[in-house]
Amino acid sequence: MDFDVLRRNVLEAIKKTQDVKGLEQIRIKYLGRQDGELIKILRSLKDLSVEEKRKLGPAANFLRNELEAAFINKLENLKLKIRNSQSNLDVTLPGKKVPVGHLHPLTLMENRIREIFQSLSFSVVEGPEVESDYYNFDALNIPANHPARDMWDTFWLRQKVQSSKFKVQSLLLRTHTSPVQIRYMEKHQPPFQIIVPGRVFRYEATDATHEINFHQIEGLMVGEDVSLANFKYIIEEFLKQLFGKNIHFRFRPSYFPFTEPSLEVDIQLGGKWLEVMGAGMVHPKVFDAVKYNSKEVRGFAFGLGLERLAMIKYKIDDIRLFYSGDLRFIKQF
Ligand code: YSA
């Protein structure tokens, strides 16, 4: 058999074959290393003269490369055909379940609270978690050495920032969201109504209702005629929207240096009262700190505990579960 005949036969056979197994048989028949047709021709070359070998050797190599390429090409085509035929989807088969994550209960709670206050025309504002003692305490009428500072056990940060040549400013992790009241009022004029969701930190012992790292949502409404009655209406409306009409809550007198009068809100949970919010009418000294005329404006403010409200909503009896990372807990929401 000469090269041309071999070439024609092989290409014809490759063309005709329609399966991988058949293709492999053809390859062995013609290009097999032991008894392939090509190797037989090459072996017969040894009897030829040097001249002839020089001519036919390269031609044989060329043919082998060409035929090998034709086999590879056909093999790829057959594989592609198989893949395509397998992609004929049976849409009646049940689909594969794709695992999807979901929101943390605290995020769900925060989103719902934002929604309710936005429906009551409050805007959402944010502030820094690392604060100066001026915003966290002084401007809220809690000067250094005031005994009320003990109400907020504080994580102090190493002092870095020099506010002036002579005074070193103390930095801390904010103990409540109230400093954002000051930051907002420094830059805006009344009337306005805002809420401030955010993370706060307290250096205190943890138990079923206390965490060292938790969330508050501050509220602040300032205008000419804002009164405690407005506060009571807003909070009642808020709690009813969040928990339904049958929610049991009470207002209780309290004390904060930055409000006068001050009160707290408790919600009944399993026969006990759980404190969920501190609040009051903004103290004139707070308005003085932001250069408002305290004779002309009035306002109410509150700071609610997000975890506590989520505990009531989802009937969770230990606040520490929110941060436990326990998937059995998280997956229930
Ligand atoms: C008061 C008057 C205002 O004009 C504005 C805001 C406030 C609230 C004040 N800044 C404050 O922080 N009060 S508070 O210490 O009583 O905390 C408010 C709420 O945060 C509590 O009612 C409680 O729901 C939650 N809270 C307090 N300590 C907590 C906590 N939640 C979880 N873990 C803790 N350790």
Side-chain angles (χ1 to χ4, degrees), residues 106 109-110 113 122 125 127 131 135-137 139-142 148-155 172-185 193-222 226-228 230-232 234-235 238-239 242 249-267 269 272-287 289-290 298-313 316-323:
L106 291 176
M109 197 65 194
E110 188 185 313
I113 294 175
F122 280 70
V125 170
E131 264 300 2
Y135 285 106
N136 198 82
F137 291 125
L140 290 164
N141 194 27
I142 319 170
R149 284 207 180 191
D150 289 348
M151 289 167 76
W152 292 275
D153 297 306
T154 309
F155 286 107
L172 49 86
L173 295 181
R174 67 178 174 191
T175 58
H176 49 177
T177 41
S178 300
V180 190
Q181 288 189 28
I182 305 297
R183 289 184 177 276
Y184 188 83
M185 289 192 283
Q193 45 207 68
I194 58 165
I195 56 161
V196 186
R199 184 188 290 251
V200 301
F201 308 85
R202 288 195 196 169
Y203 182 53
E204 61 184 348
T206 58
D207 61 25
T209 53
H210 292 83
E211 259 294 355
I212 54 171
N213 156 15
F214 59 101
H215 294 79
Q216 289 188 337
I217 296 186
E218 191 82 6
L220 176 66
M221 178 171 180
V222 181
V226 176
S227 71
L228 202 58
N230 297 134
F231 166 74
K232 290 177 92 173
I234 293 281
I235 292 307
F238 161 65
L239 291 177
L242 190 61
F249 66 93
R250 70 179 182 192
F251 296 108
R252 179 169 46 78
S254 185
Y255 169 75
F256 296 103
F258 37 98
T259 43
E260 181 57 38
S262 303
L263 53 140
E264 282 175 312
V265 179
D266 302 329
I267 293 182
L269 179 69
K272 284 190 201 155
W273 290 101
L274 182 63
E275 176 208 314
V276 294
M277 182 186 309
M281 295 301 292
V282 178
H283 198 289
K285 286 203 170 159
V286 173
F287 285 144
V290 296
R298 285 162 192 281
F300 69 72
F302 60 86
L304 61 82
L306 184 69
E307 283 77 359
R308 299 255 179 111
L309 290 181
M311 286 171 78
I312 295 166
K313 179 87 179 168
I316 294 162
D317 57 9
D318 196 319
I319 195 170
R320 291 165 290 197
L321 282 167
F322 289 117
Y323 301 97

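What you see below is based on every heavy atom in this structure, not just the backbone, and it leaves out hydrogens, waters and symmetry mates. Counting starts at 1 for both ligands and their atoms, following the listed order.
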With the threshold set at under 4.0 angstrom, would you say Glu264 reaches ligand 1 through any of its heavy atoms?
yes

Heavy atom of the protein closest to atom 13 (N) of ligand 1 (residue, atom name, distance)
Phe256 CE2, 3.5 Å

Can you find a heavy atom in the side chain of Leu309 that is under 4.5 Å from one in the side chain of Ile267?
yes

Closer than 4.0 Å to some heavy atom of Glu204 - which atoms of ligand 1 meet that?
34 (C), 35 (N)

Check contact between Trp152 and ligand 1, using heavy atoms of the residue and a distance below 4.0 angstrom.
yes

Can any side-chain N or O of Arg199 pair as donor or acceptor with the backbone N or O of Asn213 at less than 3.5 Å?
no

What's the shortest distance from atom 18 (C) of ligand 1 to any protein heavy atom, and which residue and atom give it?
Gln216 NE2, 3.3 Å

Could you tell me the residue and atom name of the protein heavy atom closest to atom 22 (O) of ligand 1, and the distance to it rounded to 0.1 Å?
Glu275 OE2, 2.6 Å

Ligand 1 contact on Phe300 by region, counting heavy-atom pairs under 4.0 Å:
neither

Does the N or O separation between Phe214 and ligand 1 drop below 3.5 Å for any pair?
no

So do the side chains of Val226 and Gln193 get within less than 4.5 Å of each other, counting heavy atoms only?
no

With nothing but distance in play, are any N or O atoms of Glu218 less than 3.5 Å from an N or O of ligand 1?
no

Considering both backbone and side-chain atoms of Ala279, is one of its nitrogen or oxygen atoms within less than 3.5 Å of a nitrogen or oxygen in ligand 1?
no

Do the non-hydrogen side-chain atoms of Met109 and Lys313 ever get within less than 4.5 Å of each other?
yes

Polar proximity ligand 1 side, Thr175 side, N/O cut 3.5 Å exclusive:
no

Taking atom CZ of Arg202 as the centre, report whether more than 12 heavy atoms of other residues, nucleotides or ligands fall under 6.0 Å from it.
yes

Does atom OH of Tyr255 have more than 12 heavy-atom neighbours, drawn from other residues, nucleotides or ligands, at distances under 6.0 Å?
yes

Would Met151 count as a contact residue for ligand 1, given that I'm defining contact as a non-hydrogen atom of the residue lying under 4.0 Å from a ligand atom?
no

Establish, yes or no, whether the cationic atom of Arg183 lies under 6.0 Å from the six-membered ring centre of Tyr135 and within 45° of the ring axis.
yes

Give the residue and atom name of whichever protein heavy atom lies nearest to atom 3 (C) of ligand 1, and the separation in Å to one decimal.
Phe258 CE1, 3.5 Å

Atom 23 (C) of ligand 1: which protein heavy atom is closest, and how many Å away?
Arg308 NH1, 3.5 Å

Relative to each other, are the rings of Phe251 and Phe249 parallel, tilted or perpendicular (30° and 60° limits)?
perpendicular

Mind checking whether Val282 has a heavy atom under 4.0 Å from ligand 1?
no

Do the non-hydrogen side-chain atoms of Trp152 and Arg174 ever get within less than 4.5 Å of each other?
no

